[in-house]
Amino acid sequence: MSFKSIIQDMKGELGSISRKGFDVKFGYGMRSRSHRVVQDSSVTVDAFKQSCWANMPPELLRDVLMRIEASESTWPPRKNVVACSGVCRNWREIMKEIVKTPEISGKLTFPISLKQPGPRDSLLQCYIKRNRSNQTYYLYLGLNQASNDDGKFLLAARKCRRPTCTDYIISLNGDDVSKGSSTYIGKLRSNFLGTKFTVYDAQPPNAGVKVTKRRSTRLINMKQVSPRVPAGNYAVAHISYELNVLGSRGPRRMQCVMDAIPASSIEPGGVAPTQTEFLHSNLDTFPSLPFFRSKSTRTESFQLGPLSGQKDGMLVLRNKAPRWHEQLQCWCLNFNGRVTVASVKNFQLVASPENGATGQEHENVILQFGKVGKDVFTMDYQYPISAFQAFAVCLSSFDTKIACE
Amino acid sequence: MSMAAVETKKITLRTADNHEFEVEEAIAMEFSTIKTFFDENPDASEDTIPLPNVTSKCLSAIIEYCKSHLAFRARETSSSIDEQVRTYDEEFVKARDNESLKELILAANYLNIKALLDMLNQAVADRIKNKSVEYVRRFFGLENDYTPEEEAAIRAENEWAFEGVDPDDD
């Protein structure tokens with residue numbers, strides 16, 4: 001104990017001083033063991049004043065940041081957690097360690113949360129607002145159970161019609177929804193007929209980015225200006241719509257193949273890939289990762305993690321079959337009050353039984369989407385899909401030409 | 001139960017700026033660092049304890065805090081006592097500027113006074129919670145060690161987080 005040794009020094013005895021304890025408590029370099037502390041007192045005061053906060057013991061800083069993270073648990077106050085992460089590298093490292101992924105905490109914090117699987121065992125409630133005048137869709141996190149007007153902005157998507165297909169460009173910035181923007185994170189592309197869609201991620205889905213050592217990152221950034229890495233196009237999901245056996249008199253059938261999520265993710269003990277950082281931002285990452293543009297690249301060739309073994313199929317989601325309600329003369333699904341207007345666009349996606357051992361349809365609704373107002377729709381999602389994937393899948397529902405009378 | 005006459009034993013503490021404080025043993029025992037020392041060296045209680053990391057200004061504030069909290073704890077627990085403790089803590093922190101708050105934290109950490117440290121850490125968290133990144137850097141005397149590209153990414157991240165928030169929200 002450093003205290004004991006100070007006393008012993010004063011009495012002229014030799015004491016052993018724990019170096020670590022000394023550094024941590026005093027916040028600056030250790031003084032020579034034989035130096036009588038009482039003689040140092042005036043020097044000590046000055047050094048103490050100067051070193052003060054910049055050398056704050058890490059456990060104290062961590063304590064303060066943990067308190068902030070714990071108290072700012074909902075939006076809009078959660079913005080303060082993001083702000084603290086922007087103060088300096090040390091703070092960012094600590095905060096990133098403290099903040100848990102949505103899968104564990106059920107909370108969205110950094111923009112990357114939108115690329116990470118949703119919470120297990122509970123649905124994150126969001127809503128989408130459609131703006132017909134600028135062909136843009138806005139995704140919000142619902143903040144208030146009662147209202148679909150009180151939300152935290154998450155993503156925006158703008159529809160771009162082309163001769164042979166339609167693209168929905170997805171961005172983190174509601175005012176800047178374009179492919180060239182630094183806030184571009186992916187897109188949904190439909191085929192000419194509007195029956196098949198592909199979701200593209202601007203960065204590899206299995207990119208488990210590790211935080212590089214501070215020193216090496218600094219060196220690299222000092223030597224060269226890291227160019228902003230251009231976004232790639234990685235297909236992460238394929239969506240298809242079909243008429244059901246009743247033709248247009250029955251609800252359409254919807255299938256989503258989640259290329260980037262293994263079927264095992266929904267088994268007990270399963271995991272889904274979790275991105276940890278936006279590669280193009282150069283924060284916490286090694287800047288020179290290879291990127292390439294391609295029309296419809298399958299992801300197998302890039303950074304396969306231990307999850308995507310040959311045995312593991314991809315997760316396939318299908319829409320839950322509505323039941324025909326004889327008295328009401330309509331197709332019904334139980335949306336638990338989250339959908340209030342009948343619409344062909346409404347759906348609930350569950351894991352398809354062909355993945356699982358049993359032949360029964362899985363009960364767990366992974367994505368739910370439906371109309372609640374003229375241009376307002378709710379979107380509820382959970383593990384193993386992310387907000388980005390959920391949003392893209394819902395957009396396809398707006399676009400598909402497969403309709404129902 | 002009969003009680004033996006209790007001497008109010010005093011402990012002498014010497015601060016970094018060479019002021020000596022005589023405090024009652026009960027108060028000194030609130031400083032876990034000192035308590036541990038005495039537990040290991042029961043014969044040392046006559047000695048003056050040097051506190052090279054604590055100024056007299058800090059120590060007198062800390063002694064006041066411990067004295068008050070000991071008095072609160074001696075009384076019967078009730079919601080009105082809790083209320084008084086809360087008010088006392090708020091007042092203790094309110095008048096202090098950021099510099100003295102920092103000094104108190106480092107002193108409370110050195111002396112290992114958990115309740116005071118928790119209270120002060122919470123006060124700092126509350127003070128920087130709603131502030132801009134620049135304010136926080138100034139408060140802590142921290143340098144912005146991001147490159148211009150990283151800074152741009154941070155700004156974009158903050159724009160997303162603050163989107164839709166009233167800009168006068170600081």
Does A/Lys152 qualify as a cation-pi partner of B/Trp160, given the criterion of NZ or CZ under 6.0 Å from the six-membered ring centre and within 45 degrees of its axis? yes
Using atom types as modelled and distance alone, determine if a side-chain donor or acceptor of B/Arg137 lies under 3.5 Å from a backbone N or O of A/Val87. yes
Around atom NZ of B/Lys129, are there more than 12 heavy atoms from other residues, nucleotides or ligands closer than 6.0 Å? yes
Pick whichever of B/Pro148, B/Ala123, B/Ala125 has the most heavy-atom pairs under 4.5 Å with chain A. B/Ala125
Within the 4.5 Å heavy-atom criterion, are A/Cys84 and B/Val133 side-chain neighbours or not? no
Answer yes or no: is there a side-chain heavy-atom contact under 4.5 Å between A/Glu59 and B/Asn109? yes
Quick one, B/Leu142 and A/Trp91 - any side-chain contact, counting heavy atoms below 4.5 Å? yes
Does the side chain of B/Tyr146 come within less than 4.5 Å of A/Arg92's, by heavy atoms? yes
Heavy-atom distance under 4.5 Å to chain B: side chain of A/Leu154, backbone, both or neither? both
Can you say whether B/Asp118 sits under 4.5 Å from chain A via the side chain, the backbone, both, or neither, judging by heavy atoms? both
What part of B/Glu134 gets closer than 4.5 Å to chain A, counting heavy atoms only: side chain, backbone, both or neither? neither
Does CD belonging to B/Glu143 count more than 12 external heavy atoms closer than 6.0 Å? no
With only heavy atoms counted, which part of B/Leu117 is less than 4.5 Å from chain A, the side chain, the backbone, both or neither? side chain
Could you tell me which portion of A/Thr109 (side chain, backbone, both or neither) has an atom closer than 4.5 angstrom to a non-hydrogen atom of chain B? backbone
Give a yes or no on this: more than 12 heavy atoms of other residues, nucleotides or ligands lie within 6.0 Å of atom NZ of B/Lys35. no
Between A/Pro57 and B/Leu106 the two heavy atoms that sit nearest each other are CD-CD2, 3.6 Å
Between CD of B/Glu157 and OG1 of A/Thr183, what distance do you get to the nearest 0.5 Å? 13.0 Å
Please answer whether the main-chain N or O of A/Val64 pairs with a side-chain N or O of B/Asn121 as donor and acceptor at a distance below 3.5 Å. no
For B/Thr12, check side chain to side chain donor-acceptor pair (under 3.5 Å) against everything at least two apart and list the hits. none
Carefully, step by step, assess A/Asp176 and B/Glu159 under the rule side chain to side chain contact (heavy atoms under 4.5 Å, CB included). CA-CA 12 Å; A/Asp176 181 12; B/Glu159 261 172 40; over 6 Å; no
Might you confirm whether atom NZ of B/Lys114 has over 12 heavy atoms from other residues, nucleotides or ligands at distances under 6.0 Å? no
Please answer whether the main-chain N or O of A/Arg89 pairs with a side-chain N or O of B/Asp145 as donor and acceptor at a distance below 3.5 Å. yes
Any A/Leu60 side-chain heavy atom under 4.5 Å of B/Val124 side chain: no
A quick test of your reading: do over 12 heavy atoms of other residues, nucleotides or ligands sit less than 6.0 Å from CE of A/Met66? no
Approximate separation, where rounding is to 0.5 Å, of B/Glu149 CD and A/Ser182 OG: 12.5 Å
